[in-house]
Structure formats: C-alpha cells, structure tokens
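Below, each value reflects all heavy atoms present in this structure, side chains not excepted, and no hydrogens, waters or symmetry copies. Each chain gets a letter, A, B and so on, in the order its sequence line appears, and its residues count up from 1.
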Amino acid sequence: MGMGVDIRNQMAKRAAEEIQSGMVVNLGIGIPSLVPNHLSTETMVMFHAENGITGMGPSPANGEEDENLCNAGGFPVTLNSGGSYCDSAIAFGMIRKGRVDITILGSLQVSQNGDLANWIVPGKKVPGMGGAMELAQKAKKVIVVMNHCDKHGNPKIVASCSLPLTSSECVDLIITDLAVFKVTAEGLLLTELFAPYNLEDVINKTECEFKISENVRNIPY
Amino acid sequence: MDNPFGKITTLERVLELFHNRMTIMFGGFGGVGSPPALIDGILEKGVCELTLIGNDTGFPDIGIGKLVSRERAVKVIASHIGSNPIAGQLIHDGKLEVEFSPQGILAERIRAGGVGLAAILSDIGMDNELVSKEKPRVQLGGKDYLIETALTAEVSIVFAKKADEYGNLIYDKSARNTNPLVAMAGEITIAEVEEIGPLGSLNPEEIITPGVFVDYLIPSKGVNWKWAWE
C-alpha cells in the first residue's frame, strides 16, 4: 500500500484503469467519485449525471459554487468544455440506449452471478431506487467498487444475495480492497490481488467459490 | 411590459388554482430547479391531502420537501425519498403513501403524459416486485415489457431562468432536469421565472419548452432556502 495511497484511492485508481478516451462514464457516490482523480489529463471522458449533465467537471472551489449546477447527488459540480445539459428523460435515454459505457457504483452485496444489491440498507427505511436500476441494467459495463467485507466483517461477495436486488446478473467487474474479480458466465474469476493480500485471505473472506486466473496480477500500487 | 397573451400574472392569482386533494406535479431534482415562490405560496395557502408527482421529495426544508415535511401530501409518486427523512417517517407512520418508479421511467411517464400518450413499455425492474407488482405485461418481438402508465396532473409547477410573454422557457444548467417534462404534463402549467422578457427576447433556436405548454408566468425572486452543501 506504499506511496501513501489510501485504500479508497487504491480501489478508485484500479477502476480508473477501465476508462478509455471517448467513453461516457457515470459515477456513483463514495469511492467512485474519487475515480476522476486517477485519470491522466489525456483521457477524454464525458462524465454523465442522471439529472441531465454530460461532461461534468470537478467540484468548484469554495465560494465558486453555482446552485443550478449540481450532480445527481445534489452537490455542486462544474461543466467541462464540450459539456452539455439535457432534461432527465434524455439523461436516462442515454443510459437505456446503451450510450453510457461504464457505471461505477458501490454495493452492499454482489452475488457470484453478478446480482447487485445496493439499494436497501438492512433495518433502514426504503429510500427508493432512484436511477440505480436503469444504470445497473443498461450501462454497457457495470463496475462495483466496495469493501470486501462489511463493517461487521461479513463477506459482501456471496453465493446469493440476502438483501433485495437492485438488478440481477448485471455486474461485470468487482473491485474490492483485496482483489479484483471478473463476473463470467461460469461465475467469478479472480484476476488481481492488492498487496499485501494473498489468495488465502480472499478465499477466507469470500462467501462463494470462485475461479482463479492463470496469471493473477499483483496490483503494483 | 405588455402582456399580449395574458399569461403573466401574480402568485396571488395563480394560488386560486390550488385546492385540497388535488394532484400537483413539480419540476426539480433534489430541490434544484423547484419553484420556490410557488411552493411557499401553496404552503401558506394551507391546501392539504395533495398528491405530489416529481423526481424526489427534496430535503425537509428544500424544494417540495417543505410541503411533504409539513404533512400536506397524502401521496407521492417519486423515484427517491432518501434525502427527506421526514417523508420516510411519514410513510412508516402510515400518513403518506408512496409509489416508487425508477427515475428515468418516472421521467418518461411524465413525458408520456405531456405528449398525449397513455403509457410506455419498459423493461426496467421487471424482476423487482416493487416495480413490477400489479403492472400488466405485454410481449413484443419475443420480449416481455411492463406497461408503465402515463402521468398527468391538474397543475404542473416549474422553475425557469428566462421566459418571454408567450411562456417560451429557457432553464438554467442542471436546474432544467425534470422541468421540461413536467411543464408538458399539467392540465394547467405555471412557470416561476427569474427573467421575463418581451416577445423576441429569446433566441428561438434556444427555447427548451415552447410556450404552447405554459399557461401562467409568475416572476421569481430566486431560491430562498439554504442548500445542504452550504
């Protein structure tokens, strides 16, 4: 974990590796919002917000906020050159039509076949699904970035989700603080490990079987 | 200023259109783009047992949240209530009914209502009981779809940056959000506007909502609440 990169940024940096120039990318709240910090300035990305922004830029400086320029979470953002505004129906049209290349979001649980459960927190009131179902179901690639275990130490990667599903069989890639998994037709495939963890750590903290890539990459950051 | 179409009026006059047990549709996303003076006027008039249709229930003291948290609504149709814990509590206490719709499908249901369609076909949330329960399904090209009914309201309230005397509207950045959709879906649409100018003052190529959909214009003094990020 050298270079002082904290774990959240480590995961965000790994997610950023999935982003290529020209992509349209939607970021959830939390760790996904750190992803832009890890993109090179040459990577031309249009960040998409469900309320109706394409080409969203970084947070404004203190005092520079515009109350009518906010992301879907209600926080002030900026607009990059080439960005545009649209109404919310069109913003979701982009999602449903498959124009959003990647959505990066957090989750409470992910199952071995890519089921996503990220909208009802146990013991709390139902907040509504917002745009999560459409993003999970229709973005071309769904990347989940989350801690490997919850705060009680329970595995979040499971054989079958115990929490209500946001969407079934939608997740393509899982990035945790321990490892990276691809979701394949045959179940999960571990492809990468974060230092200092080894395979045994991951097996012990994962509540389902998974295959192991022939060339497991040790992520160098 | 001239008022050749009679659309420019006052808050006091448009408040006559509001009454108990009516359905109101509102523009805005997390309070951004919700019309502050209209919401305050509706609140002060004291109408209650409302059905409110819009993206979310704002925050307790922001946007439509002001009406929700003061128990003026008996039902909301929205995609999210998480930013307004009072809404969650009222639902829990049985004082407020909620119909959740996936965000983009809600927007399209409103749009459908605004363009004279009865429903749309959607494959979002088909395997989720909360979304699909009691909705008829149709098969088209070998695939199943839910029939998602269109939404309309007795009165729609929207917030715009600029208008001309005909009610052509331009919005401000991300405050556009659901406003152009909501503007079309009301039997009567009232726009609260920051700058109202004469005919010809807007570039016709840049108008977002044609004034055809807008019945009344009232001047706005802008947002009067403190944002969560402030």
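Judged as a side-chain hydrogen bond (donor to acceptor under 3.5 Å, both in side chains), and not counting sequence neighbours, Thr103(A) has no contacts. Scored by the side-chain hydrogen bond (donor to acceptor under 3.5 Å, both in side chains) test, Lys182(A) finds no partners at all (sequence neighbours excluded).
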Side chain to side chain contact (heavy atoms under 4.5 Å, CB included) assessment of Lys161(B) paired with Asn68(A): CA-CA 10 Å; Lys161(B) 175 75 175 170; Asn68(A) 287 335; 5.8 Å; no
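Across all their heavy atoms, Gly131(A) and Gln103(B) have their closest contact at N-OE1, 3.1 Å. Between Gly128(A) and Phe100(B) the shortest heavy-atom distance is CA-CE2, 3.4 Å.
With a 4.5 angstrom heavy-atom cutoff, Ala72(A) touches chain B via backbone and side-chain atoms both. Proximity to chain B is absent for every atom of Lys124(A), based on heavy atoms less than 4.5 angstrom apart. When heavy atoms are compared at a cutoff of 4.5 Å, Leu165(A) approaches chain B solely by way of its backbone atoms N, CA, C and O. Contact annotation for Pro102(B): both backbone and side-chain heavy atoms come within less than 4.5 Å of a heavy atom of chain A. For Asp172(B), the parts lying near chain A are the backbone and the side chain together; criterion is any non-hydrogen pair under 4.5 Å. Looking at Val77(A), there are no atoms closer than 4.5 Å to chain B (heavy atoms on both sides), in backbone or side chain. For Leu181(B), the part lying under 4.5 angstrom from a heavy atom of chain A is the side chain only.
In this structure, the side chains of Asp87(A) and Asn179(B) stay at 4.5 Å or more apart for every pair of heavy atoms. Between Asn128(B) and Trp119(A) the shortest side-chain heavy-atom distance falls below 4.5 Å. At a threshold of 4.5 Å between non-hydrogen side-chain atoms, the residues Asp123(B) and Gln137(A) count as touching. Residues Glu108(B) and Phe92(A) are not in side-chain contact: their nearest non-hydrogen atoms beyond the backbone lie 4.5 Å or more apart.
Annotation: residues 131-159 of chain B contacts chain A through Val131(B) [non-hydrogen atoms, separation under 4.5 Å]. Chain A is approached within less than 4.5 Å, heavy atom to heavy atom, by Val223(B), Trp227(B), Trp229(B) from residues 201-230 of chain B, ordered by number.
In this structure, CG on Leu130(B) lies 6.5 Å from CE on Met133(A), to the nearest 0.5 angstrom. From Lys173(B), atom NZ reaches atom CG of Asp66(A) across 4.0 Å, with rounding to the nearest 0.5 Å. Here CD1 of Ile53(A) is found 4.5 Å from OG of Ser174(B). Values are rounded to the nearest 0.5 Å. Here Thr166(A) contributes atom OG1 and Asp127(B) contributes atom CG; the two are 10.5 Å apart, rounded to the nearest 0.5 Å. Note that OG of Ser168(A) is 11.0 Å distant from CE of Met126(B), once rounded to the nearest 0.5 Å.
Residue-environment remark: NZ (Lys162(B)) stays at or below the threshold of 12 foreign heavy atoms within 6.0 Å. The environment of Leu189(A) atom CG is dense: over 12 non-hydrogen atoms of other residues, nucleotides or ligands sit within 6.0 angstrom. Atom CZ of Arg109(B) has more than 12 neighbouring heavy atoms from other residues, nucleotides or ligands inside a 6.0 Å radius.
Listed for the Glu134(A) side chain is a donor-acceptor partner under 3.5 Å among the backbone atoms of Ile105(B).
Chain A forms more heavy-atom pairs under 4.5 Å with one residue of Ile124(B), Asn55(B), Ile81(B) than with any other, namely Ile124(B). Counting heavy-atom pairs closer than 4.5 Å to chain B, the top residue among Gly74(A), Gly52(A), Ser88(A) is Ser88(A). When Gly33(B), Gly104(B), Ala107(B) are compared by the number of non-hydrogen pairs under 4.5 Å with chain A, Gly104(B) comes out ahead. Interface check for chain A: of the options Gly30(B), Ser101(B), Ser122(B), the most heavy-atom pairs under 4.5 Å are formed by Ser101(B).
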